[in-house]
Amino acid sequence: MKILKKPKWLKVRLSGTEHFAATKKLIGEYGLNTVCRSAMCPNLQECWSSGTATFLLLGDICTRSCRFCAITASTARLPLPSDDEPRKIAHAVKRMQLNHVVLTSVTRDDLSDGGSAAWAETIKAVRGENPDVTIECLIPDFEGKYEDLDRVMGLKPDVLNHNVETVPALYDSVRPQADYFRSLEVLRIAKQAYDLRTKSGLMVGMGETEQQVKKVLDDLAGIGCNHLTIGQYLQPSLRHFPVRSYVTPDCFERYRIYAHELGIQQVQAGPYVRSSYHAAETVLKNRD
């Protein structure tokens, strides 16, 4: 298949600062995983240079094989969660002097609780050492199991994030082990049962139509989603799902306006937007 040439609006100026080096050193010192590196995020330079990072819980190998994701997937026996990980993340948050921390994880369908106990311990540890920090949890679907969702949602994170990732018509080919309507249900439970601020995100450029994207926005607005991110899908390697189109800045702006008109309060839409991009600014803006 022919590889599409990147348009000019997808050129990023890389920069390295003292904060970038310090963040890199700190993460290495604690032996932590970040989604920034594991998922090959295009904003790594910018975020690490500002002293922010999204911590990846439960290792760096996922039990699901979504075709868009750069994180390694495996069905082999995976290591059990590390007892030290919550403490190490809490210490790192303190040393980085963060006001807002984003936690996420690989999906661990191999664990009886989906890793939710480790999630809960990490949230408690971060709060224990950093009582003023706000916490955003970008969670997997925990296979829709209420008791596992409750372990995380019951701790009342400041933002509960769960990405729908793409339009329903592409799930079979892009993320076959997930379910669009189960993801909507996760967000609905967070809002209606726990009264949490909810957030979701999707990538575009995988072959979806504009009408299909707008239907997803309708669905998210219908369950009271507060925050939304929409970004351009970028193929991590030739083994991954191909880019079908590069969405123009004008189209991103149409999505942003449409979502706002539906009542979604804060919308970030653009080629390099990702789930945790400028997450701290979003929370601070909401506080103000």
Side-chain angles (χ1 to χ4, degrees), residues 9-10 35 39-43 54 62 64-71 102 104 107 136-141 159-188 190-191 197-236 240-279 282:
W9 63 78
L10 274 172
V35 76
M40 297 172 60
C41 179
N43 303 311
T54 298
C62 188
R64 297 190 187 176
S65 51
C66 297
R67 293 189 61 204
F68 61 82
C69 186
I71 292 177
V102 181
T104 190
T107 299
E136 179 173 327
C137 294
L138 173 53
I139 64 170
D141 63 22
V159 179
L160 192 288
N161 189 348
H162 177 68
N163 288 335
V164 294
E165 304 290 12
T166 188
V167 302
L170 289 176
Y171 262 59
D172 285 347
S173 55
V174 174
R175 51 188 327 229
Q177 296 146 297
D179 183 276
Y180 175 76
F181 296 101
R182 184 167 64 198
S183 287
L184 286 182
E185 181 65 4
V186 168
L187 291 163
R188 188 196 66 79
K191 174 59 62 180
R197 291 196 67 81
T198 53
K199 180 177 178 180
S200 192
L202 66 157
M203 297 170 294
V204 290
M206 292 192 285
E208 73 289 330
T209 67
E210 191 164 334
Q211 282 306 114
Q212 286 174 326
V213 172
K214 288 183 175 179
K215 179 60 171 66
V216 172
L217 304 187
D218 291 340
D219 291 341
L220 291 172
I223 56 173
C225 187
N226 301 106
H227 307 277
L228 175 67
T229 59
I230 308 174
Q232 170 70 51
Y233 168 63
L234 298 173
Q235 186 178 3
H240 290 82
F241 194 82
V243 175
R244 302 294 191 192
S245 66
Y246 287 111
V247 177
T248 66
D250 285 345
C251 186
F252 277 114
E253 181 64 6
R254 288 197 298 273
Y255 290 148
R256 188 191 66 80
I257 291 171
Y258 185 80
H260 267 306
E261 290 176 343
L262 290 173
I264 299 177
Q265 296 166 343
Q266 294 184 15
V267 183
Q268 291 177 297
Y272 278 113
V273 168
R274 294 296 182 268
S275 298
S276 52
Y277 186 54
H278 289 181
T282 300

Nearest heavy-atom approach of Phe68 to Pro236 is O-CG, 3.4 Å

Value rounded to 0.5 Å, distance of CD in Gln268 from CG in Leu228
9.0 Å

Enter the distance from Leu262:CG to Ile257:CD1 here, rounded to the nearest 0.5 Å.
12.0 Å

A side-chain contact here means heavy atoms from C-beta on lying under 4.5 Å apart; do Pro168 and Val216 qualify?
yes

OG on Ser183 to CG on Asn163, rounded to 0.5 Å
8.5 Å

Which atom pair, heavy atoms only, marks the closest approach of Arg67 to Pro242?
NH2-CD, 4.5 Å

Might you point out which heavy atoms bring Ala190 and Thr198 nearest each other, and give the distance in Å?
CB-CG2, 3.7 Å

With a 4.5 Å heavy-atom cut-off, do Asn161 and Val102 have their side chains touching?
no

Determine whether Tyr246 and Leu234 satisfy the following criterion, side-chain contact (heavy atoms from CB on, under 4.5 Å), listing intermediate values before the conclusion.
CA-CA 9 Å; Tyr246 287 111; Leu234 298 173; 4.1 Å; yes

Any side-chain heavy-atom pair from Met206 and Val174 closer than 4.5 angstrom?
yes

Roughly how far apart are Ser200 OG and Asn226 CG, rounded to 0.5 Å?
11.5 Å

Step by step, work out the side-chain contact (heavy atoms from CB on, under 4.5 Å) result for Leu170 and Glu208.
CA-CA 7 Å; Leu170 289 176; Glu208 73 289 330; 4.2 Å; yes

Has His162 got a side-chain atom pairing as donor or acceptor with Leu187's backbone, closer than 3.5 angstrom?
no

Applying side chain to side chain contact (heavy atoms under 4.5 Å, CB included), name anything that partners Glu210, two or more places apart in sequence or on another chain.
Lys214, Cys251, Arg254, Tyr255

In Å, rounded to the nearest 0.5 Å, how long is the span from CG of Leu220 to NZ of Lys191?
12.0 Å

Can you check side-chain contact (heavy atoms from CB on, under 4.5 Å) on Val243 and Gln232, steps first, answer last?
CA-CA 9 Å; Val243 175; Gln232 170 70 51; 3.9 Å; yes

Does the pair Arg175/Asp141 count as a salt bridge with the N-to-O cut at 4.0 Å?
no

Taking every heavy atom of Ser65 against every heavy atom of Pro176, the minimum-distance pair comes out as O-CD, 4.5 Å

Do side-chain atoms of Thr107 reach the backbone of Pro140 as a donor and acceptor pair under 3.5 angstrom?
no

Whether the side chain of His240 engages the backbone of Cys69 through a donor-acceptor N/O pair (distance < 3.5 Å, no angle test) should be reported.
yes

Quick one: pull up CE in Met203 and OG1 in Thr166 and give me the separation to the nearest 0.5 Å.
6.5 Å

Electrostatic pair Arg182-Glu185, nearest N-O below 4.0 angstrom:
no

Between Asp218 and Tyr258, is the side-chain contact (heavy atoms from CB on, under 4.5 Å) condition met? List the steps.
CA-CA 9 Å; Asp218 291 340; Tyr258 185 80; 2.8 Å; yes

What pairs meet the salt bridge (charged side-chain N to carboxylate O under 4.0 Å, His left out) rule with one or both residues in residues 256-271, with sequence neighbours excluded?
Glu253-Arg256

Do Tyr171 and Val164 touch side chain to side chain, with heavy atoms closer than 4.5 Å?
yes

